[in-house]
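Take a look at the structure set out below.
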2 protein chains.
Amino acid sequence: MSLAQKTTATELKSTVEDIQLEIVQRICFLDYPPGEQLKEAELAAEFGVSRTPIRDAISRISHLGLVETRNGVGTVVVALSAEQIRHVYEMRLEIAALIGTMSPCTITETDCEMGRTLLQEAKALRTDFGPRQYIEINHRLHVLITSLIGNGTLRSFWWQTYCQAASTWYRQSNQRGSEMAQALVAELSDINTALELGDVAAIGYIQRTHIGYGYQRIKTHLLAN
Amino acid sequence: MSLAQKTTATELKSTVEDIQLEIVQRICFLDYPPGEQLKEAELAAEFGVSRTPIRDAISRISHLGLVETRNGVGTVVVALSAEQIRHVYEMRLEIAALIGTMSPCTITETDCEMGRTLLQEAKALRTDFGPRQYIEINHRLHVLITSLIGNGTLRSFWWQTYCQAASTWYRQSNQRGSEMAQALVAELSDINTALELGDVAAIGYIQRTHIGYGYQRIKTHLLAN
DNA sequence: GACTCGTTAGGTGTATACAGCTATCCGTAT
DNA sequence: ATACGGATAGCTGTATACACCTAACGAGTC
């Protein structure tokens with residue numbers, strides 16, 4: 001009975017980890033913008049579980065610094081301060097170069113194909129821009145690049161900083177869409193070249209380069225306010 | 001009544017964060033060696049709380065990779081594989097150099113005094129070695145160095161890798177005590193020089209150097225088995 | 001004697017009830 | 001009109017009961 005109730009809910013099977021990933025993705029994708037209040041009871045109803053697993057998931061997320069929970073008030077998605085954004089980006093600039101130097105994985109044909117697909121979609125984005133598509137293409141690119149990192153510790157750090165930077169970064173796609181689509185096409189072109197040559201080190205440096213560009217855009221258009 | 005019960009327990013006030021830090025420290029200090037089973041009910045009784053906050057704390061720790069929980073079996077402290085140790089150490093070698101280059105804090109007289117105290121204790125350790133003292137001095141040194149890191153993201157990463165490396169590292173202090181005491185005195189001498197000169201960048205490079213030495217010891221005496 | 005299967009003890013995973021905290025609203029006194 | 005204070009609604013934090021899963025033990029059988 002309770003099982004039937006679960007299957008009729010939106011998700012087929014929801015462990016704590018699944019819930020955590022889903023909520024983190026919603027934060028990254030700006031479905032939950034900074035300032036949004038997360039209510040445990042609401043999420044519990046949506047996922048078809050009790051508050052307990054939801055609390056567990058939120059607790060872990062708060063430890064990553066993406067949300068903040070205060071007793072009696074609620075859980076809100078945090079807006080990173082200018083200084084925090086600076087720290088995250090400076091860190092990403094440093095570790096990007098390590099992607100290719102520390103235990104890189106070998107690039108497969110599947111990876112190349114994914115790169116080509118993403119490039120095509122990005123090109124289509126130039127003429128018909130949508131913030132949501134921009135975010136999703138970037139996200140899949142990040143999944144791809146992360147999968148090429150052989151060092152588990154670095155992979156974890158890379159992903160953490162991505163999640164922390166994502167919401168700030170993607171916020172710009174509402175305003176400066178075409179500019180960012182152009183940049184994404186350029187980035188993916190470079191990435192594809194490196195993929196074809198099987199050069200993971202190059203991918204790391206390309207990332208470093210474009211993180212620098214993105215950081216510059218953020219400093220100019222967001223932090224200047 | 002329940003409040004009196006709490007105060008009579010070992011801790012005065014136990015929030016989830018306190019419990020988490022305490023358990024992590026016990027893992028780092030080898031009070032819970034790899035393979036040790038953590039029982040939620042036991043810990044709940046010890047800390048004078050219910051299983052709920054204990055579960056919360058353990059859940060976060062498992063997300064850091066220090067323990068592993070399996071349904072119906074229990075929670076055990078994980079022994080990092082040789083590859084994982086390699087990954088953690090390679091990462092520490094890379095980020096150590098960043099300590100002084102990314103938003104370093106200014107060194108205070110209090111910091112210098114702590115450095116002198118630690119050096120004295122380390123010197124005493126050479127003639128009368130105790131694994132526990134060795135671990136505690138190192139731990140306090142790490143707290144000191146971490147406090148000099150201005151970039152919050154780097155500070156977090158530095159602390160994470162420390163916790164992951166600690167149990168493997170400290171395991172050697174049971175066998176190769178005097179050698180490690182000598183190395184600790186040498187490290188603290190270098191650190192003190194840098195502290196007096198207010199040179200945080202130097203501290204980063206000193207760390208890098210001695211992490212390399214420690215990694216070498218681990219590769220020779222632990223991973224060779 | 002060895003193997004199989006049912007039983008059981010002991011752990012984690014989840015649901016739920018309740019306690020505690022906080023911000024807000026409203027009535028009252030100044 | 002305004003400022004203060006208490007009631008209240010709604011949230012998180014905690015305790016507890018129960019469901020479920022797993023491994024180990026022992027009786028029964030070949």
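Chain identifiers are assigned alphabetically (A, B, ...) following the order of the sequence lines, protein sequences preceding nucleic acid strands; residue numbering begins at 1 within each chain. Since the structure is predicted, the reported quantities are computational estimates derived from the model, not experimental observations. These values consider heavy atoms only, across backbone and side chains, with no hydrogens, waters or symmetry-generated copies.
B/Asp56 places its CG atom 14 Å from the C1' atom of C/dT14, with the value rounded to the nearest Å. With rounding to whole Å, B/Ile54 atom CD1 is found 15 Å from C/dG11 atom C1'. B/Arg55 has its CZ atom 14 Å from the P atom of C/dG11, to the nearest Å. Rounding to whole angstrom units, CD of residue A/Glu17 and C1' of C/dG13 are separated by 15 Å. Distance CD (A/Glu40) to P (C/dA15): 14 Å, rounded to an integer number of Å. The CG-P distance, from B/Leu43 to C/dG10, rounds to 18 Å in whole Å. The nearest whole Å value for the distance from the CD1 atom in A/Ile19 to the C1' atom in C/dG13 is 12 Å.
Side chain of A/Thr220 to main chain of A/Gln216: a donor-acceptor pair is present (N/O by atom type, distance under 3.5 Å, no hydrogens or angles). In terms of modelled atom types and a separation under 3.5 Å, the side chain of B/His87 and the main chain of A/Gly152 share a donor-acceptor contact. No donor-acceptor pair closer than 3.5 Å links the side chain of A/Glu94 to the backbone N or O of B/Glu94.
Shortest non-hydrogen contact noted between A/Tyr170 and A/Asn138 is OH-CB, 3.3 Å. Counting all heavy atoms, side chain and backbone alike, A/Ile19 lies closest to A/Pro53 at CD1-CB, 4.3 Å. Shown here for B/Ser103 and A/Arg86, the closest heavy-atom pair between the two residues is OG-NH1, 3.9 Å.
For A/Arg171, there are no side chain to side chain donor-acceptor pair (under 3.5 Å) partners at least two apart in sequence or on another chain. In terms of the ring pair (Phe, Tyr, Trp, His ring centres under 6.0 Å) criterion, residue partners of B/Tyr162 (sequence neighbours excluded) are, by chain and number, B/His139, B/His142, B/Trp159.
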Let me have the donor-acceptor pairs involving side chains of residues 69-78 of chain A, under 3.5 Å, with sequence neighbours excluded, atom names and distances please.
| unit_1 | atom_1 | unit_2 | atom_2 | d |
| --- | --- | --- | --- | --- |
| A/Thr69 | OG1 | A/Thr75 | OG1 | 2.9 |

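The rotation axes computed at either terminus of the helix from C/dG1-D/dC30 to C/dT30-D/dA1 lie 10° apart, taking five pairs at each end and rounding to 10 degrees.
OP1 or OP2 of C/dT14 has not a single side-chain nitrogen or oxygen of A/Thr52 nearer than 4.0 Å.
The base of D/dG13 lies close enough to the side chain of A/Arg51 for a donor and an acceptor atom to sit less than 3.5 Å apart.
Residues of residues 61-71 of chain A having a heavy atom closer than 4.0 Å to DNA chain D, listed by number: A/Thr69, A/Arg70, A/Asn71. Scanning residues 31-39 of chain A for heavy-atom distances under 4.0 Å to DNA chain D yields A/Leu38, A/Lys39.
Using a cutoff of 4.0 Å between basic side-chain nitrogens and carboxylate oxygens, A/Arg26 and A/Glu46 are scored as salt-bridged. Between B/Arg60 and A/Asp56, no side-chain nitrogen of the basic residue sits less than 4.0 Å from a carboxylate oxygen of the acidic one, so the salt-bridge criterion is not met.
Side-chain proximity of A/Pro53 to D/dT12, C/dA15, D/dA15: nearest is C/dA15. Looking at the side chain of A/Val73, the nearest of the listed nucleotides C/dT14, C/dA23, D/dA15 is C/dA23.
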